[in-house]
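Counting starts at 1 for both ligands and their atoms, following the listed order. For this chain, numbers begin at 1 and follow the sequence in order.
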Amino acid sequence: MVKVLEDQLQLSKEAAELFVKLAAEAVEVHGKFTVALTGGSSPEKLYDLLATPAYRDKVDWSKVHVFWGDERWVPLDDDQSNAKMAKRTLLSKVPVPKENIFYMWADGKSPEEYAADYEQMVKKELGESLKFDLILLGMGPDGHTASLFPHQPVLHEQTKLVDAYYLAPQSMYRITLTAPLINKAKHIVVMLYGDNKANALYEVLEGEPNVELYPSQLLHPESGDITWLVDKAAAALLKKH
Ligand SMILES: O=C(O)[C@H](O)[C@@H](O)[C@H](O)[C@H](O)COP(=O)(O)O
């Protein structure tokens, strides 16, 4: 489903309400809420909102298990760290037990080693279903999501659930959930805004199949659902949504 909102603030409020709803449902059904956060700048307002009493007080944070959809392979105090942004905006303000936060970073390990470790943590936490209750994602102007970037071999990974690789255009290692794992989620929410993403969103949702160029085309939940939360500017080129 594609929901077009007025602007970033309305989009973030919609995402916050969805987060609260899905968290309550998951805790009701199986006693915890497993969520993979996204990085980038788009979710910052969402995380800020979730830390305000209006939303914070509606979530049983003791039952929330926090993962990431992807991460830059940098220390947690690095300004490029997705975890650092999430800690600053949300995780330092809500009572998630620290043992329920699974950072995508380990000092003294290679990214490849740690991707394998993270995969084991995911398997242990999710059980054999491998279903996250919610995976939050953003999308770049090039159509990437998580760290599934154009022309990268990781786009075709069908066995690993978590992978790490050197992203040459950004001169850094990335660690990411792979498409097979993402598509097992019960709920995928992709949030994006701004006219710089209008072309990629059109190509992803209505253009010719071309995952090499537009990796977000890989987002097809097996049995769950996907909600695209976009603002009017990002939706400007859509014809069928
Ligand atoms: O590590 C990252 O950069 C993110 O996880 C990435 O996939 C992000 O969602 C997109 O790049 C969109 O980023 P913006 O929200 O900043 O446009």
Side-chain angles (χ1 to χ4, degrees), residues 5 7-12 14-16 19 35-50 66-91 102-105 111 114-115 118 132 134-152 154-155 157 162-179 181-183 185 188-201 203-205 211 213-219 226-231 233-235:
L5 290 305
D7 53 27
Q8 181 198 1
L9 177 59
Q10 295 311 315
L11 187 157
S12 303
E14 184 79 15
F19 184 103
V35 56
L37 299 180
T38 181
S41 57
S42 298
E44 287 197 41
K45 188 63 195 161
L46 162 62
Y47 299 162
D48 285 338
L49 285 173
L50 288 173
V66 178
F67 296 79
W68 272 264
D70 76 316
E71 185 58 281
R72 300 82 181 273
W73 187 249
V74 294
L76 296 178
D77 61 358
D78 187 300
D79 285 344
Q80 294 183 94
S81 166
N82 289 332
K84 180 175 183 178
M85 182 272 283
K87 282 165 71 176
R88 171 173 52 81
T89 54
L90 177 60
L91 298 177
F102 301 86
Y103 294 112
M104 269 187 171
W105 163 254
Y114 192 64
Y118 206 83
F132 278 97
L134 170 63
I135 296 184
L136 279 173
L137 294 170
M139 188 186 79
D142 60 356
H144 84 264
T145 189
S147 282
L148 305 175
F149 281 86
H151 308 301
Q152 299 298 329
V154 69
L155 300 184
E157 178 58 52
V162 183
D163 205 359
Y165 69 98
Y166 185 71
L167 181 62
Q170 293 189 6
S171 306
M172 67 161 65
Y173 274 90
R174 290 277 187 138
I175 180 169
T176 185
L177 305 186
T178 59
L181 178 57
I182 292 171
N183 284 325
I188 299 171
V189 173
V190 194
M191 49 191 301
L192 60 128
Y193 58 85
D195 57 9
N196 67 325
K197 300 192 179 174
N199 182 64
L201 186 63
E203 292 294 350
V204 167
L205 294 181
V211 297
L213 264 182
Y214 299 105
S216 295
Q217 288 183 353
L218 288 166
L219 299 177
I226 183 166
T227 303
W228 294 80
L229 297 180
V230 304
D231 74 346

Considering only heavy atoms of [X], which atoms of ligand 1 have at least one such atom less than 4.0 Å away?
{"X": "Gly39", "result": "4 (C), 5 (O), 9 (O)"}
{"X": "Ser41", "result": "14 (P), 15 (O), 16 (O)"}
{"X": "Gly138", "result": "9 (O)"}
{"X": "Arg174", "result": "1 (O), 2 (C), 3 (O)"}
{"X": "Met139", "result": "12 (C)"}
{"X": "Thr38", "result": "5 (O), 9 (O)"}
{"X": "Asn82", "result": "1 (O), 2 (C), 5 (O)"}

- Please confirm whether Glu71 comes under 4.0 Å of ligand 1, counting heavy atoms of the residue only.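 For ligand 1, residue contact (heavy atoms, under 4.0 Å) with Glu71 is absent.
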- Under 4.0 angstrom from ligand 1, any heavy atom of Lys197?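 The answer is yes: ligand 1 sits under 4.0 Å from a heavy atom of Lys197.
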- Out of curiosity, Ser147 OG to Trp73 CH2, how far, rounded to the nearest 0.5 Å?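 It comes to 12.5 Å.
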- Item | CG on Leu37 to CZ on Phe67, rounded to 0.5 Å |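 Spacing of CZ (Phe67) from CG (Leu37) equals 10.5 Å.
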- Message: Is there a polar contact, in the sense of an N or O pair closer than 3.5 Å, between Thr145 and ligand 1?
- Response: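 No, since none of the N or O atoms of Thr145 sits under 3.5 Å from an N or O of ligand 1.
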Write out the residue and atom name of the closest protein heavy atom to [atom], then the distance separating them to 0.1 Å.
{"atom": "atom 3 (O) of ligand 1", "result": "Arg72 NH2, 2.8 Å"}
{"atom": "atom 11 (O) of ligand 1", "result": "His144 NE2, 2.7 Å"}
{"atom": "atom 15 (O) of ligand 1", "result": "Ser42 OG, 2.6 Å"}
{"atom": "atom 13 (O) of ligand 1", "result": "Gly40 CA, 3.9 Å"}
{"atom": "atom 5 (O) of ligand 1", "result": "Asp70 OD1, 2.5 Å"}

- Query: Would Lys84 and Asp78 count as a salt bridge (charged side-chain N to carboxylate O under 4.0 Å, His left out) if you check the C-alpha gap in whole Å, the side-chain angles of each, and the deciding distance to 0.1 Å?
  - Reply: CA-CA 7 Å; Lys84 180 175 183 178; Asp78 187 300; over 6 Å; no
Heavy-atom donor-acceptor pair, [X] side chain to [Y] backbone, under 3.5 Å:
{"X": "Asp163", "Y": "Thr178", "answer": "no"}
{"X": "Tyr118", "Y": "Phe102", "answer": "yes"}
{"X": "Glu71", "Y": "Ile175", "answer": "no"}
{"X": "Asp231", "Y": "Gly194", "answer": "yes"}
{"X": "Thr227", "Y": "Val189", "answer": "no"}

- Item | ligand 1 versus Ala146: contacting region, heavy-atom distance under 4.0 Å |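 Backbone only.
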- Message: Among Asn199, Thr145, Leu205, exactly one meets side chain to side chain contact (heavy atoms under 4.5 Å, CB included) together with Tyr214. Which residue is that?
- Response: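 For Tyr214, the side chain to side chain contact (heavy atoms under 4.5 Å, CB included) test succeeds with only one of Asn199, Thr145, Leu205, which is Asn199.
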- Query: Does a side-chain heavy-atom distance below 4.5 Å link Gln10 with Asp7?
  - Reply: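 Yes, side chains in contact.
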